[in-house]
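As the structure lists them, so they are numbered: ligands from 1, and atoms in each ligand from 1. Keep in mind the model is a prediction, meaning the values are calculated, not measured.
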Amino acid sequence: MENSILLPTGNQFHPKLPFLAFRPRKLSLSHGFTREQMWRIKKVKATSESSGEDEESDDALKATIEKSKKVLAMQKDLLQQIAERRKVVTSIKSSLEDAKGTFDGGNGSLSDDDNIPDVDKDYDVTSPSAATTVTDVQKNTPPAISQDFVESKREVKRDLADERATPLSRSSITASSQTSSTIGSAKGTLNVPPGTPKSSQEAPLDVSSRKTLVDIPEKKIQSYVPSLRKESSAQSHVKQKNKNLEGSSAEANEETKDPVDVDEKPPPLAGTNVMNIILVAAECAPWSKTGGLGDVAGALPKALARRGHRVMVVAPRYGNYPEPQDSGVRKVYKVDGQDVEVTYFQAYIDGVDFVFIDSHMFRHMEKNIYGGNRVDILKRMVLFCKAAIEVPWHVPCGGVCYGDGNLVFIANDWHTALLPVYLKAYYRDNGMMKYTRSVLVIHNIAHQGRGPLEDFSHVDLPPHYTDPFRLYDPIGGEHFNIFAAGLKTADRIVTVSHGYSWELKTSEGGWGLHEIINENGWKLRGIVNGIDTKDWNPELDVHLQSDGYVNYSLDTLQTGKPQCKAALQKELGLPVRDDLPLIGFIGRLDPQKGVDLIAEAVPWMMGQDVQLVMLGTGRPDLEQMLRQFECQHNDKIRGWVGFSVKTSHRITAGADILLMPSRFEPCGLNQLYAMKYGTIPVVHAVGGLRDTVQPFDPFNETGLGWTFRRAEANQLIHALGNCLLTYRQYKKSWEGLQTRGMMQDLSWDNAAQNYEEVLIAAKYQW
Ligand SMILES: Nc1ncnc2c1ncn2[C@@H]1O[C@H](COP(=O)(O)OP(=O)(O)O[C@H]2O[C@H](CO)[C@@H](O)[C@H](O)[C@H]2O)[C@@H](O)[C@H]1O
């Protein structure tokens, strides 16, 4: 082991410099004036003072007052006119509604043809001239899609009409959640949707009044829906059950009831680019989580919804979650030749529709999401992707299905990498879902859904789709690879940091997929994850409200954090001492996380006056190692084997330093959480860790933590040594590091804006 801990190494060694306390300056605006108003007032004041011409300025003031009075009078007049117009519009509307017998499928109201997928036209691809009535469709359509298919089309039409009428705005979402009755939930607020929006109540679909649908030849349908699904007998329950679920995001329609709205709402942040977005993930916090993917699936959609998009998350229902309710929609899908029934559950929370897919294949798997043998997992993911892709047709959210126009799926990791492939093979190759796009997010390329070539038989695709799955690598030879097929087929690819998007293209970082990633480099973009600022906020954290822990902010950091540290030491049975640094580690016990480097550094650490707490689950040998550390150094180390969200929050708050010596790290969330809690990260400068932890520069008092270049124990020791030195001897610098970390905007809002750009690019890609 190198003995170079205290040697100066550029920016990591602390020189004896005078320190500047770093405090945020609060901006307060007096008298409720806006910044601009204050500036104007000051300017006017300054101008009149400097001129000394009081009389002249008095006259000018009078003139301004007169002018203002006139403007106000004009405004009053205008408002009166608007009110009168409203009355006229309302009376015209009600007389029209009285006269209206049936609903005109929404066709007439669509105006922006460029953006509206003409669903009927989609079917022209398969049968350009075979126009027929709905009855004909029912007669000619094979049982696999038959009536349900027709209904899907109907729903799409209705949805599109809805979409055109009212892009969800930020304000509308807020408004709707305010009017909903609220039920506290673990994650946030569950908005129980109020009654159906008027528009959908008053417009019962009258199939006979719609323009004729185009017939779908039987052969074609069989080719694009290869034993995909069948109608369940429970189908008839659907509409009845759906009535209970009306409301949701479609409440926003209420906003545009009146064309002349005096209280104009601000436009959505996404502007005219509002889209329907469905994020599909194998886990979603707080309901299911084994790592960072769950956090992302729980938080990114909310940020996208805040921008004005209509957003849904689809995840498996592994347990009996309290919030989602049975939507009554049941479908049957073929998985490896067997019929498997699924039921869709649904909740509307924080502006997002959460849809959970229930099936005996997912039930009671909450503690073992990725458990079972390779083929079992594969079959679960086949079912999940098949069922998820049809959610926009079958599951009415707030009474209205999303439909397949202006729609983008966001698939995540290999588990849902089949979704882009199914989208293409089952639908787009057959002229359906023409306006639907897919984006695949790489959270971790190390897990790829690999297997022998025979696994292709489980995914239920036409033989010509074998090639995208086929991959050769020197270790595995020729094999079946789901991630490879997803990357090739998706319209766009995102990964969770800039650093990792670069690493993925290298033979070391791409784990055998680097060539495919390079070939598809044009559609790859790195977007650094954000954090859920409600869940991970020391001021609001629900896990810091008992057992001696306290919520704290930047202002109360110097008292709140030590209190959390003491509470953690007490809870873990460690000596309660404020003078020594408490070091934390939280993560999956996996070689990725560099736990072995910590193990190598433990003897050195034990020579320091420090405490170490490690929380994790994963590889049995690494779990055993944690227990062993605790036995060997009972007065200094705690090795908590298990998955505990509460403990992870408490360690993040109570520790002074967080170690993340990951060998590779696509983004990493724990270092972001740590910084938000005034806990200083010491990380291997790789992937997202390099992007997010700017190294401390003691000369300029900048930076956020300590980094080391190679994943080696001596480098970890070196960086940690400098970190400990600063903790002990340079308190002001330490406070500066904490302050800078806590003041960062780590919210999902920035990332959501970047995702939006990717989604738009996908939308306009042909
Ligand atoms: N034993 C335990 N008890 C309680 N909570 C625990 C825990 N072990 C881990 N966690 C929690 O799980 C999450 C882990 O997130 P990370 O981003 O650090 O890693 P992960 O490798 O799972 O995610 C992958 O996806 C994410 C999201 O894109 C990327 O940031 C990351 O680099 C990539 O490897 C954190 O919220 C952490 O607190």
Side-chain angles (χ1 to χ4, degrees), residues 187 279 281-286 288-301 367 369-370 410-416 440-448 493-501 503-504 509 511 526-532 535-536 541 543 584-595 613-619 622-623 626 638-653 655 658-677 679 681 683-684 686-693 746 748 751 755:
K187 177 84 182 170
L279 185 140
E283 52 186 270
C284 176
S288 52
K289 165 172 163 176
T290 67
L293 172 59
D295 285 351
V296 174
L300 167 62
K367 297 255 181 294
I369 291 179
Y370 305 109
I410 303 180
N412 293 276
D413 274 352
W414 82 264
H415 329 119
T416 45
L440 179 57
V441 185
I442 305 172
H443 298 268
N444 192 337
I445 203 76
H447 304 281
Q448 301 177 356
I493 307 168
V494 169
T495 192
V496 290
S497 69
H498 311 290
Y500 197 56
S501 72
E503 289 168 12
L504 284 170
W511 291 64
I527 300 176
V528 176
N529 285 333
I531 67 174
D532 189 321
D535 269 7
W536 288 93
D541 196 322
H543 304 293
F585 167 88
I586 303 162
R588 288 181 291 108
L589 299 179
D590 182 289
Q592 175 194 344
K593 299 295 176 185
V595 196
V613 51
M614 296 178 73
L615 167 70
T617 45
R619 238 171 60 177
L622 296 173
E623 289 185 349
L626 250 62
R638 287 293 171 270
W640 185 312
V641 176
F643 196 93
S644 164
V645 172
K646 180 167 87 176
T647 311
S648 71
H649 281 248
R650 289 178 166 186
I651 293 175
T652 307
L658 186 87
L659 288 185
M660 282 189 78
S662 309
R663 290 184 181 279
F664 70 94
E665 195 59 81
C667 177
L669 294 172
N670 286 320
Q671 83 280 10
L672 302 179
Y673 300 148
M675 289 189 280
K676 210 66 203 162
Y677 281 65
T679 305
V683 306
H684 176 210
V686 71
L689 295 174
R690 188 175 42 200
D691 284 8
T692 56
V693 182
L746 297 174
W748 271 104
Y755 267 88

Step-by-step ring-ring contact (aromatic ring centres under 6.0 Å, His included) determination, W536 to H649
CA-CA 8 Å; W536 288 93; H649 281 248; 3.6 Å; yes

Please test D590 against R619 for salt bridge (Lys or Arg N to Asp or Glu O under 4.0 Å), starting from the C-alpha separation and ending with a verdict.
CA-CA 6 Å; D590 182 289; R619 238 171 60 177; over 6 Å; no

Yes or no on salt bridge (Lys or Arg N to Asp or Glu O under 4.0 Å) for E665 and K593, after CA distance, side-chain angles and deciding distance?
CA-CA 8 Å; E665 195 59 81; K593 299 295 176 185; 2.8 Å; yes

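For the pair V645 and ligand 1, the shortest N or O to N or O distance does not fall below 3.5 Å. Checking only distances, V496 never comes within under 3.5 Å of ligand 1, N or O to N or O. Between L615 and ligand 1, no pair of N/O atoms sits closer than 3.5 Å. Close N/O approach between W536 and ligand 1 is not found [any backbone or side-chain N/O within under 3.5 Å]. Checking only distances, G642 does come within under 3.5 Å of ligand 1, N or O to N or O. Any N or O atom pair closer than 3.5 Å counts here, and R588 shares at least one such pair with ligand 1.
The closest protein non-hydrogen atom to atom 38 (O) of ligand 1 is N670 OD1, 3.0 Å. Given atom 12 (O) of ligand 1, the protein heavy atom at minimum distance is G291 CA, 3.4 Å. Of the protein's heavy atoms, F643 CE1, 3.8 Å lies nearest to atom 10 (N) of ligand 1. Among protein heavy atoms, atom 11 (C) of ligand 1 sits closest to K289 CE, 3.7 Å. Looking only at heavy atoms of the protein, atom 19 (O) of ligand 1 is closest to K593 NZ, 3.1 Å. Remark: minimum distance from atom 32 (O) of ligand 1 to any protein heavy atom is reached at E665 OE2, 2.5 Å.
N412 and E283 share no donor-acceptor pair across their side chains, judged by distance under 3.5 Å alone. Side-chain atoms of T617 and E623 include no donor-acceptor pair closer than 3.5 Å. Side-chain atoms of D535 and Y673 include no donor-acceptor pair closer than 3.5 Å. Looking only at atom types and distance, the side chain of H447 has no donor-acceptor partner in the side chain of D413 under 3.5 Å away. Using a 3.5 Å distance cut-off with no hydrogens or angles, the side chains of Y677 and D541 do pair a donor with an acceptor.
Near H443, meaning under 4.0 Å from any of its heavy atoms, are these atoms of ligand 1: 24 (C), 25 (O), 27 (C), 28 (O), 33 (C), 34 (O). Below 4.0 Å from some heavy atom of D295 lie the following atoms of ligand 1, by number and element: 13 (C), 35 (C), 36 (O). Close approach of ligand 1 to G616 (heavy-atom distance below 4.0 Å) involves ligand atoms 1 (N). Less than 4.0 angstrom separates some heavy atom of G587 from each of these atoms of ligand 1: 8 (N), 9 (C). Those atoms of ligand 1 with a heavy atom of V296 less than 4.0 angstrom away are 27 (C), 28 (O).
By the 4.0 Å heavy-atom criterion, S644 is counted among the residues contacting ligand 1. Ligand 1 lies within reach of Q592, whose nearest heavy atom is under 4.0 Å from it. Within the structure, ligand 1 lacks F664 among the residues with a heavy atom less than 4.0 angstrom away.
Neither the backbone nor the side chain of T647 has any atom closer than 4.0 Å to an atom of ligand 1 (non-hydrogen atoms only). At a heavy-atom cutoff of 4.0 Å, ligand 1 is contacted by both the backbone and the side chain of L669.
No side-chain heavy atom of R663 sits less than 4.5 Å from a side-chain heavy atom of V686.
G584 and I651 make their closest contact through CA-CG2, 4.2 Å (heavy atoms, listed as atom of the first residue, atom of the second, distance).
With sequence neighbours excluded, the residues that form a side-chain hydrogen bond (donor to acceptor under 3.5 Å, both in side chains) with Q448 are R450, N481. Not counting sequence neighbours, the partners of A297 by the side-chain contact (heavy atoms from CB on, under 4.5 Å) test are L279, A281, C284.
A donor-acceptor pair under 3.5 Å links the side-chain atoms of T495 to the main chain of I442, judged by distance alone.
Between the choices G668, G292, S648, the shortest heavy-atom distance to atom 30 (O) of ligand 1 belongs to G668.
Between W640 and F585, the distance from one ring center to the other does not fall under 6.0 angstrom.
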